Protein chains: 2
Amino acid sequence: MSEREKPPGKGTAESHGQYISAIYRHMQILISAELAPYRIGSGQYIFLMAIAFREPITQKALSESLLIDKTTTAKAIAKLEAEGYVRRETDPADNRYQLLYLTEEGREVVPKVRQALDRVKGKTRQGISDEEYDVLLRLLKIVLRNLSGREGKPE
Amino acid sequence: MSEREKPPGKGTAESHGQYISAIYRHMQILISAELAPYRIGSGQYIFLMAIAFREPITQKALSESLLIDKTTTAKAIAKLEAEGYVRRETDPADNRYQLLYLTEEGREVVPKVRQALDRVKGKTRQGISDEEYDVLLRLLKIVLRNLSGREGKPE
DNA sequence: CCAGATAGGGTGTTATTGCAACTATTTTTT
DNA sequence: AAAAAATAGTTGCAATAACACCCTATCTGG
């Protein structure tokens, strides 16, 4: 089987897709382990951090800024609420909206989550200079924009 | 809330993690749509392509080279087998091994899958030069190695 | 030769995620 | 003002993925 030679164009050859998915899966595992003590899963921490940063915020706004389906958001928020980190309050001006706030426990756990995420980031960033990391982020942003037609605004 | 100033070090600030996960999720959706006509899901195509490239191969070897849990591999292969794209054969020399082969249908569908993946790749690569893309791949490889302790060898 | 170790696979359960379809509320249209 | 459309959120279902644990086949040491 000798299909080892790369086509010259932008054909098959190596692709970012496989790296992206492997990195994603492994990061999920790492983050799950780091956040297990707080009973926050890999599907919830993004929302927790985003709420901390933009409180009060609706689920719709969260979904859009994180580029995550609204039903996924609903379920993640439900878990964070069940754990006592987030509180929902119906917007009195429009009862369709649920305004999300951190609870006291939420405010206490956020710095710990941030530290855990920084540990993961630091580990996965090893061997990459600040300049290279900037390039990486810039290119990932382009890929994401190509996929979503929007900017993603994490954190 | 003014935590907007970046710590000078490699502290919080922007992180590749969020981009990685958003890209991963959106690529899954795109690929699922592209491969739906062949009833191949986003969880199976990697295995199909890897088998096409390294046939015959065991599930264990697949799991290791793709950095995917063996039970995930087992289930994906079961689906590909159910669709008639892959055939299992017990290694006569050692009955613990299942050697995986493409079927005729598998051999026919592989080029179509490859084209679909190339379309996705092409779309997501827009605005990135060949040189930049090489840099992207190199940096992603480093991140993956940091996470897995191994090289990943996709496709 | 047989007990135990080793190794490849598989099953059951759980978490994350997205889609289709639904409810409830608000806004727009007629 | 009543009907229709839009909007925020939820529920049920299915796919992806991993872990803990179990099964079965092979190999090794007594």
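In the text below, chain A, chain B and the rest are named by the order of the sequence lines, each starting its count at 1. For clarity, every value in this text was computed on a predicted model and none was experimentally measured.
When the side-chain nitrogen and oxygen atoms of A/N95 are compared with OP1 and OP2 of D/dA8, none of them lie within a distance under 4.0 Å. Regarding contacts with the backbone of D/dT10, a side-chain N or O of A/Q59 is found under 4.0 angstrom from either OP1 or OP2.
Checking C/dT26, D/dG9, C/dG12 against every side-chain atom of B/K75, the shortest atom distance belongs to C/dG12. Ranking C/dT17, D/dA17, C/dG8 by closeness to the A/T72 side chain, first place goes to C/dT17. Distances from the side chain of B/R96 to the nucleotides C/dA15, C/dG12, D/dA25 place D/dA25 closest. Nearest to the side chain of B/R88, among D/dA8, D/dC19, C/dG9, sits C/dG9.
Going from atom CD1 of B/I68 over to atom C1' of D/dC19 covers 15 Å, rounded to whole Å. The nearest whole Å value for the distance from the CD1 atom in B/I29 to the C1' atom in C/dT16 is 13 Å. Rounded to whole Å, the distance from CD1 on B/I31 to C1' on D/dA15 is 14 Å. At whole-Å resolution of the value, NZ in B/K79 and C1' in D/dT16 are 8 Å apart. For the pair B/I77 CD1 and C/dG8 C1', the interatomic distance rounds to 14 Å; values are reported in whole Å. Atom CG in B/D69 sits roughly 15 Å away from atom C1' in C/dT16 (whole-Å rounding). Separating the CG atom of B/L100 from the C1' atom of C/dG9 is a distance of 11 Å, rounded to the nearest angstrom. As rounded to whole Å, 16 Å separates atom P of C/dT14 from atom CD of A/Q44.
Of the options A/H26, A/M27, A/R25, a side chain to side chain contact (heavy atoms under 4.5 Å, CB included) to A/I23 is made by A/M27 and by none of the others.
At the heavy-atom level, A/Y24 lies under 4.0 Å from the strands shown only through sugar-phosphate atoms. Within 4.0 Å (heavy atoms only), A/S42 reaches sugar-phosphate atoms of the nucleic acid but no base atom. The residue A/T58 sits close only to the backbone: its heavy atoms come under 4.0 Å of sugar-phosphate atoms, none of a base.
Each of B/Y97 and B/T71 has a nearest nucleotide on DNA chain C; the 5'-most of these lies closest to B/Y97. Of the two residues near DNA chain C, B/R25 and A/P92, the one whose nearest nucleotide lies more 5' is B/R25. For the pair B/I40 and A/K70, both in contact range of DNA chain D, the more 5′-proximal nearest nucleotide belongs to A/K70.
Of the charged side-chain nitrogens involved, none lies within less than 4.0 Å of a carboxylate oxygen, so that B/K79 and B/E83 do not count as a salt-bridged pair.
Between A/V86 and A/L102 there is a side-chain heavy-atom pair separated by less than 4.5 Å.
Judged by distance alone, the side chain of B/T73 and the main-chain N or O of B/Q59 form no donor-acceptor pair under 3.5 Å.
One distance of note links CD1 of B/I20 with OH of A/Y19; it measures 12.5 Å at 0.5 Å rounding.
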